[in-house]
Amino acid sequence: MADFDRRRRVRNICILAHVDHGKTTLADHLISSCGSEVHPKQAGKVRYMDFLAEEQRRAITMKSSSISLRYRDHFINLIDSPGHMDFCSEVSTAARLSDGALVLVDAVEGVHIQTHAVLRQAWIEKLTPCLVLNKIDRLITELGLSELEAYNRLLRIVHEVNLIVSAYKSQKYLSDVDSLLSSAGGGGGDHEEPVEDDEEDTFQPQKGNVAFVCALDGWGFRIGQFAEFWASRIPRLSRDALFVLEPLWKAMKSKGSKIESIVKAFNLSVPARDLQNKDPKVVLHAVMARWLPLYDAVLSMVVDCMPDPVSAQAFRITRLLPNREDALNGDEAIEEVKRVRKCVEVCDSSPDAPGVAFVSKMFAVSLKDIPDHQFGDEVGESDECFLAFARIFSGVFNVGQRVFVLSALYDPLRPESTTQKHLQEAELQSIYLMMGPKLKPVASAEAGNIVAIRGLGQHILKSATLSSTKSCPPFSSMAFQVAPTLRVAIEPSDPADMGALMKGLRLLNRADPFVEVTVSSRGEHVLAAAGEVHLERCVKDLKDRFAKVSLEVSPPLVSYKETIEGDDLEPLENMKVLSSNAVFDCIEKTTPNGRCVVRVRVMKLPDSLAKVLDESGELLGEIVEAKSGKRIGGVEGDDLVSVLKKRVMDAIESEIERASKGIADKDKLEKYRSLWLRFLRRIWALGPGQVGPNVLLKPVISGGGDVGVLVRGSSHVSERLGFLDVAETEAQPVNREAESLVSSIVSGFQLATAAGPLCDEPMWGLGFCVEAYVTQSDASSDQIDQYGQVMMAVKEACRATVLQRKPRLVEAMYYCELSAPVEELGSMFSVLSRRRAQVLKDEMQEGSALFSVQAYVPVSESFGFVDELRASTSGAASALLVLSHWETLPQDPFFVPKTEEEMEEFGDGSSVPPNMARRLIDTVRRRKGLPVEEKVVQHATKQRTRARKV
């Protein structure tokens, strides 16, 4: 019973917000009030949780860090997370280990793009959120709002945040997330997830889960506090809230005797030196901090509104450990797995319960900062020690205990021989309680606590599940908001330091949960990061901590894709390209031995379908490649197929709805629909990499066998996705030689879609139909050569077909959110125009002097964009970039004047300068060492001779 009561008094929370909304400042005040690490006078200035030198220099949080606080009789594990989009992976790691989230919103700036992202992360991880409206003092000191105006502004922010959460609950707006999470709990089992009332707002001040604070000055309140002050009921944040704001506004405007009356009325103990200070702001801050202490308002809300580990894990179990229904209940193995899952669900902390923990990331700490570093270290190649950032969900972990390290692919129900590579055994050398930059050694830790574990540096790369038994299933994978898109090639200044660089890259890859280190086909070491700030920090860590050598960093390696121009005016005719056998619509290639003729047709897929295929790569990999033992978001078996099939059908329906505006005839529209349904039943393969956004279709079988025997292929992917039953597959006479070339055709398609004809970049959103005809021959000596010749013929035919159908370059786009004062708008728009930005919306922020602008900025133009923006506006403008989508450049890279108007403007084309698409293609080709068509001599005159003859 004592253990149960102790777990009930634990809270695991994280602070989530947009950048510069006050997360670390709030953490400073909570720490100063609950411990001796930060003096109250220094709270908000010392930035205690930002203990890295780079964090202090830039004044932003880059790493999520934890600290344990004691409030009354409760233990609160607080995780401070970054707000910058470049470090969103740290938000994911913090959310996985937490049960609740304090969502901060600036009362002046309001809801920003990262606010949407953190609310989504909290929803995915099933956290219980509380809303904190910060910087409310700025409403009167900067904006000069009256009580009624301030009330309306605060009410609007609360309403806007509630709308965001309601949208995430809605099937219409988040059908993918809702399907993944609801399917996990809908499979029966012993746990039924409670149904939440969608009509009720998540954040309601009368419920006590909304706090109004000024973190910098250390004061804040909840509605209930004022209800106690005046002993009157305040049922909701309506006009009755003016009874809260009126005395607050009077206090903030008070001087002299009024301040003294407040001190006497509430019997506040304010030091005399503060009351006698000549600066009225200091006096006001001292009175407000003692009248409405920040820590009391926030931490009481945490204790009252956020769940303890026992309640939270019962609610989050469907997200953390999806139920397994692929074995009989009487099976001993499945019963043991269910027992482990049940212990996690109830947060069992008894000594005989199986120990289960999840490591969300590995972080590097200098050996001199380890309290017991004299006992040795498991990492011998560096003076950095790697600790595991972990949450214990069941049982008790002790120092010296041996545990199993489980990767995400481990399956306790499969034979041990097949899962050995996903299972390791390690010893827990030390367990620490994290106190910000400090570590406090402990002998053991029980379920419900967040700790740092030493001894796993050689066993875990990014994240893993720890268990004292092999019968524990691995935790579900964490969801990241973006993917690493900024890539650079990195090499040492001195070639002799290559070994040190490779060692440093290995250490960096382990220390950062989001960085990716690869080796390109040219042998370059490529470092992928989330953005410029993330990349700068990674390079600095390499130079100063991990590699400790001088480095040369290449310009950013921007990724592009290749496609063709779609025919939006004639969608029906465009669709017929892949449904006919007309020779004039295709490119024909013949193998060198003359025994195989390849004909290829291509069409552009709808953007909605290409986007679904591109974003569902993990699901497609599970279905098409028929993997087992791994779960995505708790969805297993046929649910994976149904989820993906629904996404594809929704994309097709949206394309048909779009085409209906240009097709007035209902019969033609039905024919268009039937062609798409037939299309979905002919999918042979996807590419590149078997799961890409390009489609290979099975050829249409007709009577034209004059060229040779047709390689018929199969609707393999259509069968996997449920668009075609196995029983519906037509039985056709098999020609062994023709069928033996099936893999060669698929391989040629994969090679072509992985490297397009423009600049060897992957193709995007294309559908190919490959017809390969094989002539009969008795000779078999060249059979092996035949496979390679067919593969290369298919590759070249696919690339030639793309060149024939008006090829286009596709570039990645950032969604950019900017804010600047009105007087700097001209400079800001000048920078946007130089960066080829597309302005979506510009409007004045309500109640402020700032102008808000939303735009799309190409990724290739984003490098140095923020620095140029700040330089042009004298630091008055700010910007946040988030990867949004892929967009096709409208320019033809091979433009030649043809019409009379074009000939009149550009002449015969010999002096036409290359357009933007051609310049980008040439840049990529030069970087890859491919030939570039360009004039070697731009300007020249005839060389004179010595004789000067006329």
Side-chain angles (χ1 to χ4, degrees), residues 560-580 585-587 600-617 619-620 624 644-660 662-663 671-700 715-718 720-721 723 746 749-750 752-754 756-758 761-770 798-799 801-812 885-890:
Y560 295 94
K561 296 184 185 296
E562 301 180 20
T563 188
I564 62 175
E565 187 180 47
D567 191 356
D568 296 332
L569 300 178
E570 296 292 339
L572 185 58
E573 296 299 323
N574 189 33
M575 192 67 194
K576 288 181 178 179
V577 172
L578 301 184
S579 303
S580 64
D585 282 334
C586 69
I587 288 291
V600 178
R601 299 177 181 82
V602 66
M603 67 165 281
K604 191 174 188 304
L605 301 179
D607 290 340
S608 56
L609 179 58
K611 185 177 180 180
V612 167
L613 295 176
D614 196 22
E615 294 177 350
S616 305
L619 282 175
L620 284 167
V624 176
L644 188 54
K645 184 177 180 180
K646 183 179 184 303
R647 293 182 188 178
V648 173
M649 290 305 300
D650 289 344
I652 296 299
E653 289 298 328
S654 65
E655 166 61 18
I656 294 174
E657 182 179 355
R658 185 198 63 81
S660 63
I663 303 178
K671 185 176 182 180
Y672 186 60
R673 183 188 301 273
S674 65
L675 287 175
W676 270 116
L677 294 178
R678 204 178 307 164
F679 175 94
L680 296 177
R681 295 161 63 90
R682 295 172 51 202
I683 303 178
W684 185 355
L686 301 174
Q690 306 293 338
V691 293
N694 304 287
V695 176
L696 174 64
L697 297 182
K698 176 184 175 183
V700 177
S715 302
H716 170 68
V717 177
S718 295
R720 293 286 186 184
L721 296 180
F723 294 113
V746 175
F749 164 75
Q750 299 290 348
T753 53
L758 296 180
E761 291 291 307
M763 297 185 188
W764 190 80
L766 299 181
F768 291 91
C769 181
V770 177
C798 290
R799 290 165 60 98
T801 309
V802 171
L803 286 176
Q804 184 192 47
R805 294 292 302 274
K806 300 180 181 178
R808 295 292 184 267
L809 195 68
V810 185
E811 64 177 352
H885 65 284
W886 292 89
E887 186 169 304
T888 304
L889 284 171

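Just so it is clear, the structure is predicted and the values come from calculations on it, not from any experiment.
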> Under the salt bridge (Lys or Arg N to Asp or Glu O under 4.0 Å) test, which residues partner Lys645, sequence neighbours left out?
Replying inline: none

>> Can you list everything that forms a salt bridge (Lys or Arg N to Asp or Glu O under 4.0 Å) with Glu615? Sequence neighbours excluded, please.
In response: none

List for me each residue that meets side chain to side chain donor-acceptor pair (under 3.5 Å) alongside [X], sequence neighbours excluded, and say none if there are none.
{"X": "Thr888", "value": "none"}
{"X": "Asp607", "value": "Lys604"}
{"X": "Trp676", "value": "Tyr672"}
{"X": "Ser715", "value": "none"}

> Rounded to the nearest 0.5 Å, how far does CE of Met649 lie from OG of Ser654?
Replying inline: 10.5 Å

> In Å and rounded to the nearest 0.5 Å, what is the NZ to CD distance from Lys646 to Glu653?
Replying inline: 11.0 Å

Any non-hydrogen side-chain atom of [X] less than 4.5 Å from a side-chain atom of [Y]?
{"X": "Leu758", "Y": "Tyr560", "answer": "no"}
{"X": "Cys769", "Y": "Arg682", "answer": "yes"}
{"X": "Val802", "Y": "Met763", "answer": "yes"}
{"X": "Leu686", "Y": "Val695", "answer": "yes"}

Listed by chain and number, what are the side chain to side chain contact (heavy atoms under 4.5 Å, CB included) partners of [X], not counting sequence neighbours?
{"X": "Thr801", "value": "Ile587, Val600, Val602"}
{"X": "Ala812", "value": "Val859, Leu883, Trp886"}
{"X": "Glu887", "value": "Met813, Gln838, His885"}

>> Taking Glu562's backbone N and O only, do any of them form a donor-acceptor pair with Glu761's side chain (distance below 3.5 Å, no angle check)?
In response: no

> For Gly692 and Leu613, which heavy atoms make the closest approach, and how far apart are they?
Replying inline: O-CB, 4.0 Å

